[in-house]
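Shown next, in structure tokens, is the structure this report addresses.
All heavy atoms count here, side chains included; hydrogens, waters and symmetry mates do not. Here is the naming used below: chain letters follow the sequence lines, and residue numbers restart at 1 for every chain.
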Amino acid sequence: MEAIVALCRRRGFIFQSSEIYGGINGFWDYGPLGVELKRNLKEAWWQDVVRCPAPGPTGDPLEMVGLDCTIIMNPKVWVASGHVGTFADPMRKCKRCGHFVRADHLWDILAQDCRWFDSLLQEFTPGSGEIDTPRLMKWARGKGKKIAPNLALVRNPEVTLSWLATRVTGQDDAPSELQEIVRYVATEQLQRDGLQDPCPLCGGELDEARPFTLMFESHAGLSQSDDNKVYLRPETAQGIFANFRNVVDTSRVKIPFGIAQVGKAFRNEVTPRNFTFRSREFEQMEIEFFIHSDEADTWYRYWRDSRFAWWQSIGLAGENLTLREHDRDELAHYAKEGAGTSDIEYRFPFTAPGFGELEGVAHRTDYDLRQHAEHSGLRDKLKYFDQQKNEKYFPHVIEPSAGADRGALALLCEAYTPDESRPSKVYMKFHPRMAPIKAGIFPLVNKDGMPEVASKLYNELRGQYPVQFDAKQNIGKRYARMDEAGTPYCFTIDGQTLEDQTVTVRHRDTLSQERIGIDRVAAFLAEKLRG
RNA sequence: GCGGGUGUAGCUCAGUGGUAGAGCGUCACGUUGCCAACGUGAAUGUCGACGGUUCGAAUCCGUUCACCCGCUCCA
């Protein structure tokens, strides 16, 4: 992976944002080659999804329209969607080690996934619940010291155990509840703070539960008050739902139909990691496909399979691409009752042997439209009226939601091909459609009229394709540079060109060469670049 | 947020208290006859940042930032 990051930087695919100031965690810039690659990806998506989508499950053409919404919207959108409120999870921070834990999951985590809690339980006699003070003391000074250094019982065993003793002897019906005993051993100063909850990691005390949102906040207007607080969108989907009625009213679409959007979204991730894979600012390519609930299964399967095929078609054809159906219990709240959710995943070098998500295909039911219908007060006006069926209903939604940056990263990882036999030691095997530069135009040597012919060809081609002209240094060096940029073809003008009007085509992947007429170069490229 | 690692030219790295270096790359000129050839020359550094110790710091100490690995988190 480090080699890929190094090549991205060296050749100008991806730079760290604001690098000259030391960078900023979770933000990345695309360089001259990277912007072409990402643009190719997004344009291919738009072409294949909005302008000319594959036929639907019945063979009929799909109806798709585009949309481009703002990043900042009325904050009520995020209340309706649940991003403000239920998803602003109450989090508690450990005062000792700084660890964050979800308040509502604390006791589950302690019981199921906590080293010191597990170990401490062994010290209680099974069944009886009796408190064995010397035994707990021994635990506190031995094991406990290592795995729960900040637990009150470990820091100050005598005092803590004396509190525990008063609790137990004061009750007739000991054994007492496990949870309460644990809170006692986590509490050092009973009178001042009451019983404490322990940190699953170190045993230290947790502070108050506070809502913790992944959304970036800003203010629309000059004053920085709660009145004008706004959020940077954490997903593009809600802009589509909020405009559902506008699109239906203005574009004559009929169910089933889809609305597509490409755009930036922002999430204040706790830990941005793995190059651009988890960034705080990223770009999504989302479709909300509106259907009647009776057809959810059919459309879900259609989108899952056609989206998978699409990623294959742009070069992620190997075993590194996989389709994973979610288990019921990992589904998002809105998708529990739906036809299913699946991820299209790619085996990135940093996730291997596991996979990382490229695109999620989810049946969101009618959750979002219902939420907006209720919160906006528009209620039934957000329903769709089906003239043929004479039925008014909230459409269900199949949502294929892809990450553009993750897609570009997968393309980079997939293309990266070490090859010790060639001068560059590595080449980027992009699908020609995705390649940032489609062709290099080179005079074999920089004299004898070759540069003039090459330059003429270059000027003809550059109007249609991103191509590069290079006459400097020897031909091998120029080929090597094109290998690292992932340019699939190089056209070289040599002595023979001047005699018979043919050029050599050098193929990136095979290193083989063929001769074609100089007048056929444009047609050659057009054919190779076709979807 | 925790633990471990890294940070010197575009890249790979050397330099362990005393004048900041090498190779590769980049650029210019010459040469060139199909895969980073050769010759000559040139540009390029707040030694990640801030502070401290010292006559003197890339080097020692503290803090901080960024990246990598492992936790945690990822609706």
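- If you measure from atom CD1 of Ile493(A) to atom P of rC34(B), you get 15 Å, rounded to the nearest angstrom.
- A heavy-atom distance below 4.5 Å is found between the side chains of Thr497(A) and Arg515(A).
- The separation of rC50(B) from rC65(B), taken at their C1' atoms, amounts to 10 Å, rounded to a whole angstrom.
- For the C1' atom pair drawn from rU16(B) and rA58(B), the interatomic distance equals 10 Å after rounding to whole Å.
- Ion pairing between Arg364(A) and Glu235(A) holds under the 4.0 Å rule for side-chain N and carboxylate O.
- In this structure, rC35(B) makes no Watson-Crick or G-U wobble pair, since no nucleotide meets both defining distances under 3.5 angstrom.
- A close approach under 4.0 Å does occur between a side-chain nitrogen or oxygen of Asn274(A) and OP1 or OP2 of rC69(B).
- Pairing for rA20(B) is absent, with no Watson-Crick or G-U wobble pair whose two atom distances lie under 3.5 Å.
- Atom pair Phe15(A):CZ and rC11(B):P shows a separation of 11 Å (rounding to whole Å applied).
- The CH2-P distance, from Trp78(A) to rA75(B), rounds to 15 Å in whole Å.
- Note: Phe266(A) and Phe216(A) have perpendicular aromatic rings, judged against thresholds of 30 and 60 degrees for the angle between ring planes.
- Comparing the same atom, C1', in rA20(B) and in rU44(B) gives a spacing of 13 Å after rounding to whole Å.
- Rounded to an integer number of Å, the gap from Lys447(A) NZ to rG33(B) P is 8 Å.
- Contacts of Phe442(A) with the nucleic acid, taken as non-hydrogen atoms under 4.0 Å apart, are absent.
- A heavy atom lying under 4.0 Å from RNA chain B marks none of the residues of residues 451-460 of chain A.
- Between Glu460(A) and Lys456(A), at least one side-chain nitrogen of the basic residue sits less than 4.0 Å from a carboxylate oxygen of the acidic one, meeting the salt-bridge criterion.
- Straight-line distance between the C1' atoms of rU8(B) and rG23(B): roughly 15 Å, to the nearest whole Å.
- Contacts of Met482(A) with the nucleic acid, taken as non-hydrogen atoms under 4.0 Å apart, are absent.
- Between Ala6(A) and Arg267(A), it is Ala6(A) whose nearest contact on RNA chain B lies nearer the 5' terminus.
- Straight-line distance between the C1' atoms of rG62(B) and rU54(B): roughly 16 Å, to the nearest whole Å.
- Distance, Asn446(A) CG to rU32(B) C1': 10 Å, rounded to whole Å.
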Step-by-step ring-ring contact (aromatic ring centres under 6.0 Å, His included) determination, His507(A) to Tyr489(A): CA-CA 5 Å; His507(A) 294 257; Tyr489(A) 308 105; 5.5 Å; yes

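- A distance of 6.0 Å or more separates the ring centres of Phe275(A) and Phe348(A).
- For rG17(B) and rG1(B), the C1' atoms lie 37 Å apart once the distance is rounded to whole Å.
- Within 4.0 Å of Asp494(A), counting heavy atoms only, lies at least one base atom of the nucleic acid.
- A cation-pi arrangement, defined by a distance under 6.0 Å to the six-membered ring centre and an angle within 45 degrees of its axis, is present between Arg422(A) and Tyr427(A).
- Nucleotide rC2(B) forms a pair with rG70(B), judged by Watson-Crick or G-U wobble geometry with both contacts under 3.5 Å.
- Annotation: rA28(B) and rU46(B) have their C1' atoms spaced 28 Å apart (nearest Å).
- Residue Gly26(A) is classed as a sugar-phosphate contact, given heavy-atom separations below 4.0 Å to backbone atoms only.
- Between the C1' atom of rC11(B) and the CD1 atom of Ile14(A) lies a distance of 18 Å, rounded to the nearest Å.
- At a cut-off of 3.5 Å, with distance as the only test, a side-chain donor of Thr502(A) or Asp500(A) sits close to an acceptor on the other residue.
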Protein-to-nucleotide contact annotation, 5' to 3' order, nucleotides 35-43 of chain B [B base; S sugar-phosphate only; - none; under 4.0 Å, heavy atom]: BBB------

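- To the nearest angstrom, C1' of rA75(B) lies 14 Å from CD of Gln371(A).
- For the pair Arg406(A) and Phe277(A), the distance from NZ or CZ to the six-membered ring centre is under 6.0 Å and the angle to the ring normal is within 45 degrees.
- Residue Lys472(A) has no polar side-chain atom (N or O) positioned under 4.0 Å from OP1 or OP2 of rU26(B).
- Judged by a 6.0 Å distance limit and a 45° cone about the ring axis, Arg324(A) is not positioned over the six-membered ring of Phe355(A).
- In this structure, Arg478(A) contributes its side chain and Asp470(A) its backbone to a donor-acceptor pair below 3.5 Å.
- Distance CD (Glu499(A)) to C1' (rG33(B)): 13 Å, rounded to an integer number of Å.
- The partner of rA14(B), taking Watson-Crick or G-U wobble pairs whose two distances both stay under 3.5 Å, does not exist in any strand shown.
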